[in-house]
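Working notes, structure below.
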Amino acid sequence: MANGHMGAGDRPIYTLSGHSLVGDKRTTPIRGDLADISLAGKLFAPHYAVPMLRTGIAPVTEIHAEAHATSMPVSALMHGEEFAVLDVAGEWAWGYCLHDNYLGYVRFAELGDDFDATHIVSAPATLLVSEPSTKAPVLARYPMGAQLLCGSPSECGKYLACENGFVPLAHLSEIGRVAASPADLAEQLIGTPYSWGGRSGDAIDCSGLVQLVFGLKGHMPPRDADMQMAEFGEELAEGDALQRGDLVFFPGHVGIMADAENIIHANGTAMAVSVEPLTDAAARFAAHDEAIVARKRVK
């Protein structure tokens, strides 16, 4: 907590006393000059801000470690996901995603007013077209994970009205009603390019794949592999056999079991989402004390 006392010239001098709660820097909304108002009285900052809630309006918005385009991407905000803005400087906003509290910088122009999404893209990707026809011009592409506000079906029943256009109904699921399993969804993404910080059907990393496919089913894992290993799912006993949908963690990496022997994962070897024998994936971590550091199941 911050305590004030009077010093020379009757100017207030502030010091910290008591225990200061320091959380994970990736998800604790504080930087040198500013913190979320929720941290007042817990962590000291020169200023506190009340977050301004905005929503992703681009198909995918990259989240960067710093406020410039060449900065490392650390995650991504999908269309329809909410972002809590704590500061805006120039074209960049600093804040955190509401679904996982992950911090970073996004282009403010790619944020808009909140809306209540009704559907989510559950195919690898879909197209927004100008008319409910296979011959209509394409207005936009939305990858798996994008959330959309949809209206009435078209007369043919194969499209839903959406964003001044139409989206094929076959590519969408009502939010909370995705039929496919996480492993089914991951298999749909085989071949998707690997990209650090990606978490969509267009580009994805290992923990982004886990967060995306389990998120579609109503579970929201933390963002990074170490967080998921610590907080998501239940540890399997040593003698328990792996099954489809189980998570296997390696040093700094994670994948989803396709069956008892093969793993689906976004990886830098294939530079894509691929499926391969678990033994082959584990062999690439042979230099570590343990190749497989955890096995977990989400019930």
Side-chain angles (χ1 to χ4, degrees), residues 21-29 63 65 72-76 78 96-104 145 181-187 189-190 192 194-200 203-270 272-299:
L21 302 174
V22 178
D24 192 313
K25 292 181 179 179
R26 295 167 290 183
T27 56
T28 305
I63 301 173
M72 179 180 71
V74 294
S75 193
M78 305 300 298
Y96 55 92
C97 304
L98 283 195
H99 62 270
D100 62 6
N101 297 319
Y102 211 82
L103 285 159
S181 71
D184 294 337
L185 294 164
E187 284 179 335
L189 295 175
I190 290 173
T192 301
Y194 177 88
S195 179
W196 186 274
R199 51 179 294 268
S200 80
I204 204 158
D205 65 19
C206 66
S207 55
L209 177 64
V210 171
Q211 191 183 62
L212 173 62
V213 300
F214 280 92
L216 262 71
K217 294 295 291 182
H219 306 282
M220 182 50 69
R223 178 60 184 90
D224 292 340
D226 64 316
M227 297 172 166
Q228 293 171 0
M229 187 173 73
E231 302 173 29
F232 189 59
E234 298 181 11
E235 190 81 28
L236 291 175
E238 185 173 343
D240 289 347
L242 289 165
Q243 64 185 34
R244 183 172 174 84
D246 286 344
L247 300 177
V248 175
F249 294 87
F250 311 85
H253 188 61
V254 62
I256 303 165
M257 295 304 294
D259 52 42
E261 298 177 350
N262 297 288
I263 191 167
I264 311 161
H265 59 149
N267 62 92
T269 300
V273 177
S274 66
V275 58
E276 63 176 327
L278 176 61
T279 53
D280 291 354
R284 292 197 285 274
F285 296 88
H288 295 266
D289 292 337
E290 290 183 278
I292 295 175
V293 294
R295 306 180 314 149
K296 306 191 80 173
R297 181 169 296 160
V298 180
K299 296 183 178 179

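Each residue takes its place number in the sequence, starting with 1. Not measured: the values here are computed from a predicted model.
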With no hydrogens and no angle check, just 3.5 Å: does a side-chain donor-acceptor pair link Asp100 and Gln211? yes
Evaluation steps, side chain to side chain contact (heavy atoms under 4.5 Å, CB included), between Asp246 and Ile256: CA-CA 6 Å; Asp246 286 344; Ile256 303 165; over 6 Å; no
Under a 4.0 Å threshold between the charged nitrogen and the carboxylate oxygen, would Arg244 count as salt-bridged to Asp259? no
For Asp205, is there an ion pair with Arg199 - N to carboxylate O distance below 4.0 angstrom? no
For a 4.5 angstrom cut-off between non-hydrogen side-chain atoms, does Ile292 reach Phe249? no
Mind checking whether Leu242 and Met257 have side chains closer than 4.5 Å, heavy atoms only? yes
Out of Leu209, Val213, Ile264, which residue meets the side-chain contact (heavy atoms from CB on, under 4.5 Å) rule with Leu185? Val213
Could you tell me whether Arg223 and Asp24 have a side-chain N and a carboxylate O separated by less than 4.0 Å? no
Over all heavy atoms of both residues, which pair between Pro251 and Ala291 is shortest? Give the atoms and the distance, please. CD-O, 3.2 Å
Could you tell me whether Lys296 and Glu231 make a salt bridge, using a distance below 4.0 angstrom between a side-chain N and a carboxylate O? no
Of the non-hydrogen atoms in Phe232 and Pro222, which two are nearest, and what is the gap between them? CB-CD, 4.2 Å
Considering non-hydrogen atoms only, spot the tightest contact between Gly215 and Pro221 and give its length. N-CD, 4.3 Å
Any pair counted as side chain to side chain donor-acceptor pair (under 3.5 Å), so long as it reaches residues 277-291, sequence neighbours left out: Thr269-Arg284, Glu276-Arg284
Kindly compute the distance separating CD (Gln243) from CZ (Arg295), expressed to the nearest 0.5 Å. 10.5 Å
I'd like to know whether Ser200 forms a side chain to side chain contact (heavy atoms under 4.5 Å, CB included) with Met78, so could you lay out the CA-CA distance, the side-chain angles of the two residues, the decisive distance to 0.1 Å, and finally the verdict. CA-CA 7 Å; Ser200 80; Met78 305 300 298; 3.5 Å; yes
Side chains of Leu103 and Pro29: does their closest heavy-atom pair fall under 4.5 Å? yes
Side-chain touch Leu247/Val298, heavy atoms, less than 4.5 angstrom: yes
Do His265 and Val254 have side-chain heavy atoms sitting under 4.5 Å apart? no
Minimal non-hydrogen separation, Ile263 against Gly255, with atom names: CD1-CA, 3.7 Å
Close side-chain approach of Met220 to Phe214, heavy-atom, < 4.5 Å: no
Quick one: are Val275 and Ile190 in side-chain contact, heavy atoms under 4.5 Å? yes
Looking at OG of Ser75 and OH of Tyr102, how far apart are the two atoms once the value is rounded to the nearest 0.5 Å? 6.5 Å
Main-chain N/O of Asp184 paired to Ser181 side chain as donor or acceptor, under 3.5 Å: yes
Which pair of heavy atoms, one from Ser207 and one from Ala225, lies closest together, and at what distance? CB-N, 3.5 Å
Are Leu189 and Ile204 packed together at the side-chain level, in the sense that at least one heavy-atom pair is separated by less than 4.5 angstrom? yes
What one should report as the nearest heavy-atom pair of Asn267 and Ser274 is ND2-OG, 2.9 Å
